[in-house]
Amino acid sequence: MSNQKPSIPKGTRDFGPEEMARRNYIFDTIRGVFKKHGYVPIETPAMENLDTLLGKYGEEGDKLLFKILNSGDFLNGIDPEGMTSGALSMKLCEKGLRYDLTVPFARYVVQHQQEVEFPFRRYQIQPVWRADRPQKGRYREFYQCDADVIGSNSLLNEADLLGIIDTVFSKLNVRAKIKLNNRKILAGIADYIGQPEKITDITVAIDKIEKIGFDAVNQELEQKGVSVQGIYKLEPLFAITGYNQEKLDKLGRILQHSATGLKGIDEIKNLLAYLKPLDLKSTVELDISLARGLNYYTGTIIEVKAMDAEIGSICGGGRYDDLTGIFGLKDISGVGISFGADRIYDVMKHLKLFPGETDRSSQIMFANFGENEALYCLTLLAKLHAAGVSAELYPDNAKLKKQLSYADARHIQFIVLAGENEIREGLLAVKNMVTGEQVKVTPEELVELVKSE
RNA sequence: GUGGUUGUAGCUCAGUUGGUUAGAGCGCCAGAUUGUGGCUCUGGAGGUCGCCGGUUCGAGCCCGGUCUCCCACCCCA
């Protein structure tokens with residue numbers, strides 16, 4: 001075990017003090033807005049029972065779950081002979097790391113339904129894990145910041161959440177583009193081309209239209225078994241352009257025979273009306289090719305991208321009508337959003353949007369001149385702490401040069417030099433590391449000096 | 001899960017057609033400066049060249065495998 005190379009698992013990261021200061025800046029901003037809108041915090045465990053998680057994220061999602069091997073003699077009473085690997089792994093693993101915060105939230109709501117006051121507005125900021133291959137903007141451990149309202153059908157909730165999104169990104173100085181769609185519109189489109197069972201294939205394919213282009217999408221649709229006729233009927237849908245209102249009108253005419261489609265259009269219309277008084281700074285755009293989160297979303301779909309950086313979505317969300325149903329609580333509709341803190345961090349770092357000099361250590365450092373002097377400094381230190389000033393004493397009687405370089409590297413602005421002479425005089429020599437000036441003050445004046453900075 | 005790419009000092013990287021003792025810059029430590037940081041100068045520590053195997057008289061360099069990093073696909077925050 002000697003000389004082992006230190007390392008951490010694939011797709012995970014360490015965060016140093018500077019990164020933490022910046023990450024906390026993001027978390028604090030998001031948390032502040034959540035609170036202001038009346039959301040209350042909850043936390044759930046990192047691991048859930050596997051059957052809570054399985055089947056909620058589609059086939060792909062199941063593969064991306066991190067499973068936890070049972071502890072103890074986990075082979076006890078199990079005969080692997082003749083078992084499929086899936087059945088075997090179900091026996092070996094009963095727990096898994098959470099994949100997102102929405103499903104654990106749904107589980108929480110059902111489990112604690114007696115204590116919960118509906119409509120329930122909660123926020124939750126915790127890490128999630130996915131056994132994905134890491135790449136740009138993709139990690140195996142990352143933080144989600146979720147806000148959800150459960151127990152209300154009203155589109156006012158969607159409007160509230162969009163307001164939160166807009167406020168958060170304007171506070172963080174990130175220019176955001178909010179894309180909206182409605183799962184019912186997508187269902188309407190599948191109806192319209194006469195293959196409602198192909199809704200997933202159709203939406204997944206048209207989601208790529210901007211990325212791979214029209215012809216490639218058609219090819220994929222054909223491969224997935226969508227009729228040539230259907231593809232032909234799809235064509236005018238992509239040609240829809242203009243302002244949101246125009247798009248909705250055109251779409252309404254095309255989908256006029258699909259009740260579901262018209263309902264989706266109606267919902268978007270109402271939502272846009274609710275958005276007007278909010279006067280959002282972000283661009284809000286109806287995008288009928290937006291097809292995210294099809295696993296449990298049933299109504300509004302939301303996706304946010306940074307306008308000045310290519311990194312995928314930095315926030316996503318939508319309405320789910322029956323997520324709690326799986327856990328035994330029917331007819332409870334919810335809607336939620338999820339900020340991807342790590343991607344927001346990447347965007348802000350790339351665009352240099354972090355405010356300068358986040359204070360990350362003490363404002364004052366006492367230089368150490370030996371035992372007796374240190375004892376004197378400890379009294380002053382306690383007073384400073386009580387007065388709300390962050391201060392520390394250098395722990396060793398090292399050369400002053402070394403102590404000052406240390407303070408310099410940590411951006412500590414004031415150095416208190418309290419040596420024999422100063423203590424005798426009752427005055428402290430205070431060096432300002434930024435200006436280079438040095439003044440003599442009484443211990444009382446020191447607090448004022450620092451607070452005035 | 002599929003495809004591509006990377007790996008040499010704490011960090012960023014050089015390293016010739018395989019040839020003795022593997023280099024630089026930055027950082028770190030010490031000194032010039034025995035109570036004053038940043039700048040400068042001098043000196044020093046630090047590497048089984050990702051790991052395993054193969055070819056060769058000889059491998060950081062060539063070959064195979066493996067792990068890792070990053071990128072794309074799938075999917076997603």
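The analysis underlying the following values was restricted to heavy atoms, covering all of them including side chains, and did not include hydrogens, waters or symmetry mates. Reminder, nothing fancy here: chain letters follow the sequence lines and each chain counts from 1.
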A:Ser313 has a side chain; which of B:G37, B:A77, B:G35 sits nearest to it?
-> B:A77
A:Glu422, nearest nucleotide to its side chain (from B:U36, B:C71, B:G35) = B:G35
A:Asp408 side chain: which of B:A77, B:G38, B:U36 is closest?
-> B:G38
Answer yes or no for A:Arg13 and A:Tyr139: cation-pi contact, defined as NZ/CZ to six-membered ring centre under 6.0 Å and angle to ring axis within 45°.
-> yes
Hey, which sits more toward the 5' end of RNA chain B by its nearest nucleotide, A:Ala131 or A:Tyr57?
-> A:Ala131
The side chain of A:Arg130 lies closest to which of these nucleotides: B:G35, B:A30, B:A77?
-> B:A77
Should the pair A:Tyr39 and A:His37 be assigned to parallel (<30°), tilted (30 to 60°) or perpendicular (>60°) ring geometry?
-> tilted
Can you tell me how far C1' in B:A24 sits from the matching atom in B:G47, rounded to whole Å?
-> 14 Å
Measure from the side chain of A:Glu60, starting at C-beta and using heavy atoms only, and say which of B:C75, B:A77, B:G35 lies closest.
-> B:C75
Under 3.5 Å donor-acceptor pair, A:Glu59 side-chain atoms to B:G1 base atoms | no
With P as the reference atom in both, quote the distance from B:C62 to B:A14 in angstrom, rounded to an integer.
-> 14 Å
How far, in whole Å, is B:G37 from B:A32 if one measures between their P atoms?
-> 13 Å
The side chain of A:Phe142 lies closest to which of these nucleotides: B:A77, B:G37, B:C71?
-> B:A77
Nucleotide nearest A:Lys10 when distance is taken to its side chain, options B:G35, B:C69, B:A30 | B:C69
What integer number of Å spans the P atoms of B:G38 and B:C29?
-> 12 Å
Does B:C62 have a Watson-Crick or wobble mate here (both distances under 3.5 Å), and if so which one?
-> B:G54
Considering only the P atoms, how many Å lie between B:G54 and B:G60, rounded to the nearest integer?
-> 15 Å
State whether the distance check finds a donor on one side and an acceptor on the other, under 3.5 Å, for side chain A:Arg343 versus base B:C76.
-> yes
On RNA chain B, more 5' by nearest nucleotide between A:Phe369 and A:Arg138 is A:Phe369
Polar pair under 3.5 Å, donor/acceptor by atom type, side chain A:Arg133, base B:G3 = yes
Any donor-acceptor pair under 3.5 Å joining the side chain of A:Gln403 to the base of B:U36?
-> no
Looking only at B:G35, B:C71, B:A77, the nucleotide nearest the A:Leu400 side chain is B:G35
Does the pair A:Glu425/A:Lys440 count as a salt bridge with the N-to-O cut at 4.0 Å?
-> yes
Shortest side-chain distance from A:Asp132, nucleotide among B:C75, B:G37, B:G35 = B:C75
If you draw the axis of the six-membered ring of A:Tyr123, does the NZ or CZ of A:Arg31 fall within 45° of it and under 6.0 Å from the ring centre?
-> no
Using 30° and 60° as the class limits, which term best fits the ring planes of A:Tyr296 and A:Tyr57: parallel, tilted or perpendicular?
-> perpendicular
